[in-house]
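A short worksheet on the structure shown next.
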Amino acid sequence: MSPANASATRRQRLAGAVVAVLLVGMAAAGLARAAAPTDHASHAERIEEIAATLRCPTCQGLSVADSPSKVANSMRDIIAEQLAAGQTPEEIQAWFVDRYGEWILLTPPPSGLGLAVWLVPVVALAAGVTAAVAAARRGRTSHPQPPAALRSPRGLRWAGVAAVFFVAVTVALVAAVGPRGAGDQPTGDTVASSPQQAAVDDVDRRRAAVEREPGDVTARIRLAAALLRAGRLGEVADHLQPVLDEHPNEPDAILLLGIAQIQQGDPAAPTTLQRYLEVAPEDHEGRPVAEELLGGP
Amino acid sequence: MTATDTQATTTDPARSPRSVRWALMLALVAGAAIVAVVLGAGFGRDPTVVQSVLLDRPAPRLAGATLDGHRFDLGDHRGKVVLVNVWASWCAPCRQEYPVLEEADRGLGPRGLQVVGINTQDSDAEAQAFLDELGGANFPSVVDADGRIAVEWGTFGVPETFVVDRDGRLRARLVGAVTTGWIIHNG
């Protein structure tokens, strides 16, 4: 390297260092300003600041400051009172941690498992900077290469590894979250469907069975029972009538019809239930129900 | 970074031997596996299940006016097992579990169980209508219109039920509708 060349490189380096120091300094100043406790903050602002660090217990992923719920409201009241009583923000947070555990804090404390959340970004940043500096050094000592190197087999191999990484993450996510059905909660597959939804699903299943075997008496009775459970009383008789036309003394059909009539306030209900008691065998399981319904007010 | 890395190694293979490359790749795949496992476990978890920090500690304060116009103070009930139920008239599972609480009050009351409700985030009129509809109240319910008491008890929603032992310590907690089996097991 010629002396002129060397001094040019030195100048370049100096300029680079000045820019880097300026950037880091500005970033640090900005961070410090944003994180500094603001003494002149109003009472309301101090409440909001503390509320923003607490998780709303009745919401999913909202802070107390962001939630309009009643519980969040009274939590803000509690913060206000404790501030007025001279408690520090840390003491107020501790009061909530005492009742809800560290779960209530939106920012995990730098200890235990929560420490990982704080350390991983720092470690990752350090590793990235080290790798970048190492790469830049190697790049400077060797001749510059055109970006065609990207298309080299080795570059392709790195692209392959990156692809494997993203595929692995995607597969894991899909496997963990699972396909979401129409009525499912958006937070995963752990919440069971509601009884109402189960009743509706049941009706759909039984209706499909009837459509497959329109002449199957048992399938029709089961559909009628499912409709009754789902509260679709108007449709119950539609499916029982064809059964009763063919088998007028089918006890299950008469009983279901009677129960549907009672729920609809149909004056024919007692007659139907009486008829059920006449035709049903002595050990038919619906007898106690029918007797109770007839004996009731 | 990959670009400069590849540049350097294509021109100077001695600096980055094959074994180092493979070690790096292995590390990356291992990293991907760890991320996948952590994300998998996190997304598969039920976000509503949270351990109570209050268990085996003195129960929070519970004192105030009740719906029927009297006063209730948990501190007056030392020596009794107290079943504390957080409820509201707008909560469907509360309606479902109410008969269970009535039954516990009737059946276990003579044997030293005190049942008490915390009627939270509710209006007195609606709470009274709820009780009338379900056959009247046999046990007192402390009025907690603004939800303050519910927060003091660290509740997430309604219904929630707690068992306080004879020494005033919190012994059990249930999120969701209570069953007779749970009361007998924990009470």
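Owing to the predicted nature of the structure, the values given are computational and were not obtained by experimental measurement. Within every chain, numbering begins at 1; the chains are lettered A, B, ... in the order of the sequence lines, protein sequences first and strands thereafter.
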Closest approach of B:Gln121 and B:Trp90, non-hydrogen atoms and distance? O-NE1, 2.7 Å

Which of the residues A:Ile104, A:Val164, A:Val161, A:Val97 is involved in the greatest number of heavy-atom pairs with chain B at under 4.5 angstrom? A:Val161

Counting only non-hydrogen atoms closer than 4.5 Å, does A:Phe166 touch chain B with its backbone (N, CA, C, O), its side chain (CB onward), both, or neither? neither

Between the CG atom in A:Asn73 and the CG atom in A:Asp77, the distance rounded to the nearest 0.5 Å is 6.0 Å

Under 4.5 Å from any heavy atom of chain A, what part of B:Val151 do you find: side chain, backbone, both or neither? both

Find the one option among B:Val37, B:Thr155, B:Val158 whose heavy-atom pairs under 4.5 Å with chain A are most numerous. B:Thr155

Where on B:Ala92 is there a heavy atom nearer than 4.5 Å to chain A: the side chain, the backbone, both, or neither? neither

Any luck finding a side-chain donor-acceptor pair between B:Asp105 and B:Gln114 under 3.5 Å? no

Per-pair distances, 0.1 Å, donor-acceptor, side chain in residues 54-61 of chain B, under 3.5 Å, sequence neighbours excluded:
residue	atom	partner	partner atom	Å
B:Asp56	OD1	B:Arg171	NH1	2.6
B:Arg57	NH1	B:Val53	O	3.1
B:Arg57	NH2	A:Asp98	O	3.1

Parallel under 30°, tilted from 30 to 60°, perpendicular over 60°: which one fits the rings of B:His77 and B:Phe72? parallel

